[in-house]
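Structure first, then comments.
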Amino acid sequence: MSRGRLMVTNVIGIVIVLALIIGGGYYYIQQSNYVSTDNAKVSGDLYTVVAPAAGKVKSVTTENGQDVSKDEEVATLQTEKGSTTVVAPEEGKIIKTEVKENDSVQAGQKLVSEVNMNKLYILANIDEDELKDIEVGDDVDVTVDGDTGTKIDGNVEEIGYAANSVFSLMPSSNSDGNYTKVSQTVPVKISISNYSEDVLPGMNSEVKISTN
């Protein structure tokens, strides 16, 4: 092999080794200083406005996407006791209207749903073996699929007190003796601040929690 070709081969080998070292170092830093997951979604406090009594819808005074104030009228019903005004329980945005004028409704039936878009947060499902590295107040970098160009600042606000499987409608059972251990996840609530109007409840997100 000529000296020039040998030199090129050596240089390529050195570059590959350096790339592996740098990549390995980056991976180590990421694993040591951050807890990351894409098992997360944008969420918000959902308020459901229901009919206080059976009757007929006289009018629906709000529509999807409309901002409402606390105690603002959202609908009126005609019941046995007369005309009844139904109001929003909290400030928010109407995200779904379930009824229309002249619909018959039963007591407790859903009329509209609202969410306060100014107080959205992230619910991230963190693997149980990584939970020990997380504390309330930790800084979080958040990206949302609906607004991928923006890095959103967040903080760990609350760490769940039970694994998600506890709330499953059909929890797994090992009564037959054939038990397979399954890794569990715990919900972690992350407050967010500088998000845009493109961020909506239910959107997928990815979080990187700083554990330094």
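Residues take their numbers from the sequence shown, with the count starting at 1.
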Open item on the list: Could you tell me if the side chain of Leu111 sits less than 4.5 Å from the side chain of Glu98, heavy atoms only?
Closed with: no
Task: Partner set under side-chain hydrogen bond (donor to acceptor under 3.5 Å, both in side chains) for Ser59, not counting sequence neighbours - done: Thr76
Task: Nearest atoms (heavy-atom pairs only) where Lys110 meets Thr48 - done: CG-CG2, 3.3 Å
Task: Side-chain donor/acceptor of Thr185 to backbone N/O of Ile126, under 3.5 Å - done: no
TODO: May I ask whether Ile190 and Val144 are part of the same hydrophobic cluster, defined by side-chain heavy atoms of I, L, V, M, F, W, Y residues being less than 4.5 angstrom apart, directly or through others?
DONE: yes
Task: Residue pairs fulfilling salt bridge (charged side-chain N to carboxylate O under 4.0 Å, His left out) with at least one residue in residues 111-127, sequence neighbours excluded - done: none
Task: Listed partners of Ala54 passing side-chain contact (heavy atoms from CB on, under 4.5 Å), at least two apart - done: Gln106
Open item on the list: Using the side-chain contact (heavy atoms from CB on, under 4.5 Å) criterion, which residues pair with Asp67? Sequence neighbours excluded.
Closed with: Lys93
TODO: Please tell me if the side chains of Ile95 and Pro201 come closer than 4.5 Å, counting only heavy atoms from C-beta onward.
DONE: no
TODO: List in chain and number order the residues that pass side-chain contact (heavy atoms from CB on, under 4.5 Å) with Ala40, two or more places apart in sequence or in another chain; answer none if no residue qualifies.
DONE: Ile122, Ala124, Ser205, Val207
Open item on the list: Give me each pair satisfying salt bridge (charged side-chain N to carboxylate O under 4.0 Å, His left out) with a member in residues 53-66, each pair once, sequence neighbours excluded.
Closed with: none
Task: salt bridge (charged side-chain N to carboxylate O under 4.0 Å, His left out) contacts touching residues 152-168 (sequence neighbours left out) - done: Glu157-Lys189
Task: With Asp198 via side-chain hydrogen bond (donor to acceptor under 3.5 Å, both in side chains) - residues at least two apart - done: none
Task: Distance (rounded to the nearest 0.5 Å) between Asp103 CG and Gln109 CD - done: 8.0 Å
- [ ] Hey, could you give me the CG/CE distance between Asp147 and Met203, rounded to the nearest 0.5 Å?
- [x] 8.0 Å
Task: Ser43 side, atom OG; Leu120 side, atom CG - distance, nearest 0.5 Å - done: 8.0 Å
Open item on the list: Please check: side-chain N/O of Tyr195 versus main-chain N/O of Leu200, any donor-acceptor pairing under 3.5 Å?
Closed with: no
Open item on the list: With no hydrogens and no angle check, just 3.5 Å: does a side-chain donor-acceptor pair link Asp45 and Asn116?
Closed with: no
Task: Separation of Leu46 CG from Ser113 OG (nearest 0.5 Å) - done: 5.0 Å
Open item on the list: Tell me whether Lys100 at atom NZ has more than 12 heavy atoms from other residues, nucleotides or ligands lying less than 6.0 Å away.
Closed with: no
Open item on the list: For Leu77 versus Ala53, what's the shortest heavy-atom pair and its separation?
Closed with: CD1-O, 4.2 Å
Open item on the list: Who clusters with Leu123? Use side-chain heavy atoms, under 4.5 angstrom, across I, L, V, M, F, W and Y, and order the result by chain and number.
Closed with: Tyr121
Task: Rounded distance (nearest 0.5 Å) linking atom NZ of Lys70 with atom OH of Tyr47 - done: 9.0 Å
Just distance, no hydrogens or angles: give the donor-acceptor pairs under 3.5 Å from side chains in residues 79-92, sequence neighbours left out.
residue, atom, partner, partner atom, Å
Thr79, OG1, Lys81, N, 3.3
Thr79, OG1, Gly82, O, 3.0

Would you be so kind as to tabulate the donor-acceptor pairs closer than 3.5 Å made by side chains of residues 134-141, with sequence neighbours excluded?
residue, atom, partner, partner atom, Å
Asp138, OD2, Glu135, N, 2.8
Asp139, OD1, Asn155, ND2, 3.0

Task: Counterpart residues, side-chain contact (heavy atoms from CB on, under 4.5 Å), relative to Asp133 (two or more places apart) - done: Val35, Thr211
Open item on the list: Donor-acceptor pair, distance only, cut-off 3.5 Å: does the side chain of Thr97 make one with the backbone of Val99?
Closed with: no
Task: From Ser210 atom OG to Asn33 atom CG, the distance as rounded to the nearest 0.5 Å - done: 7.0 Å
TODO: Please check if any side-chain donor atom of Lys41 sits under 3.5 Å from a side-chain acceptor atom of Asn204, or the reverse.
DONE: yes
- [ ] Would you mind reporting whether Ile152 and Thr143 have side-chain heavy atoms less than 4.5 Å apart?
- [x] no
Open item on the list: Check for me, please, whether Val188 and Ile192 land in the same ILVMFWY cluster - side-chain distances under 4.5 Å, paths through other members count.
Closed with: yes
